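Bear in mind the structure is a predicted one, so any value in this text is a computation, not a measurement. The figures here come from the full heavy-atom set of this structure, side chains too, leaving out hydrogens, waters and symmetry mates.
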Amino acid sequence: SRYNTRTCLKILQYQESLFHDRGLALIGLKRYKEAERMFNVIIKHDEKSAHAWFGFGSVYHAERNYEKALDAFDVALSLKPDFEIAYFKRGMVKLELNKQTGCEDLFKAHQLGFPDAMFYLKKYCNRD
């Protein structure tokens with residue numbers, strides 16, 4: 001018998017990283033509601049999962065629901081203050097909303113070692 005994509009992607013046991021990775025892949029496929037369900041599974045197991053909150057922020061950002069995205073990234077960063085990609089994504093959302101504080105988040109992401117932050121700091125924030 002042939003395998004279809006849905007069968008191959010079924011997760012048989014709970015592992016946070018599997019749900020997180022699948023959620024991010026679904027965002028890439030623009031299947032936002034399914035991605036959100038993946039992150040909800042994680043939250044049901046651990047409401048303090050910074051990675052799940054980051055996932056929610058990524059979903060909301062992709063949907064252009066910027067205020068919800070900022071809220072989710074704020075939660076992720078309150079749970080994991082050294083989460084460099086969350087600073088980066090929050091900074092990008094803020095810049096899309098024309099909030100200059102986005103540059104502060106990009107700088108923090110850079111300080112924490114996020115490799116793409118410097119490019120965007122130079123492009124949007126006039127920083128070297």
Shortest non-hydrogen contact between [X] and [Y], atoms and distance:
X: Ala52; Y: Ile43; answer: CB-CD1, 3.6 Å
X: Leu112; Y: Pro81; answer: CD1-O, 4.3 Å
X: Cys103; Y: Leu95; answer: SG-CD2, 4.0 Å
X: Asn40; Y: Phe56; answer: OD1-CZ, 3.4 Å
X: Gly57; Y: Ala69; answer: O-CB, 3.6 Å
X: Ile27; Y: Gly55; answer: CD1-O, 4.0 Å

In Å, rounded to the nearest 0.5 Å, how long is the span from [atom1] of [X] to [atom2] of [Y]?
X: Leu79; Y: His51; atom1: CG; atom2: NE2; result: 10.5 Å
X: Leu29; Y: Arg22; atom1: CG; atom2: CZ; result: 10.0 Å
X: Asp71; Y: Arg90; atom1: CG; atom2: CZ; result: 10.5 Å
X: Lys44; Y: Phe19; atom1: NZ; atom2: CZ; result: 10.5 Å
X: Leu26; Y: Met38; atom1: CG; atom2: CE; result: 6.5 Å
X: Ile85; Y: Leu77; atom1: CD1; atom2: CG; result: 11.5 Å

So does [Y] get a backbone contact from the side chain of [X], meaning a donor-acceptor N/O pair under 3.5 Å?
X: Thr101; Y: Glu104; value: no
X: Tyr87; Y: Phe114; value: no
X: Trp53; Y: Glu47; value: yes

Is the shortest heavy-atom distance from the side chain of [X] to the side chain of [Y] under 4.5 Å?
X: Glu67; Y: Leu97; answer: yes
X: Lys108; Y: Phe88; answer: no
X: Met118; Y: Leu106; answer: no

SB check Arg31 Glu36 (cutoff 4.0 Å):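 Salt bridge absent between Arg31 and Glu36.
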Any donor-acceptor N or O pair under 3.5 Å, side chains Glu96, His61: yes
Answer yes or no: are there more than 12 heavy-atom neighbours, outside Tyr32 itself, under 6.0 Å from its atom OH? yes
Look at atom OH of Tyr60 and say whether more than 12 heavy atoms of other residues, nucleotides or ligands are closer to it than 6.0 Å.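 It does: Tyr60 OH has more than 12 such atoms within range.
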Distance under 6.0 Å and angle within 45° of the ring axis: does Lys89 meet both against Phe73?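 So Lys89 doesn't make the cation-pi contact.
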Over 60° means perpendicular and under 30° means parallel, so classify the ring planes of Phe54 and Phe83, tilted if in between.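 Rings of Phe83 and Phe54: tilted, 30 to 60°.
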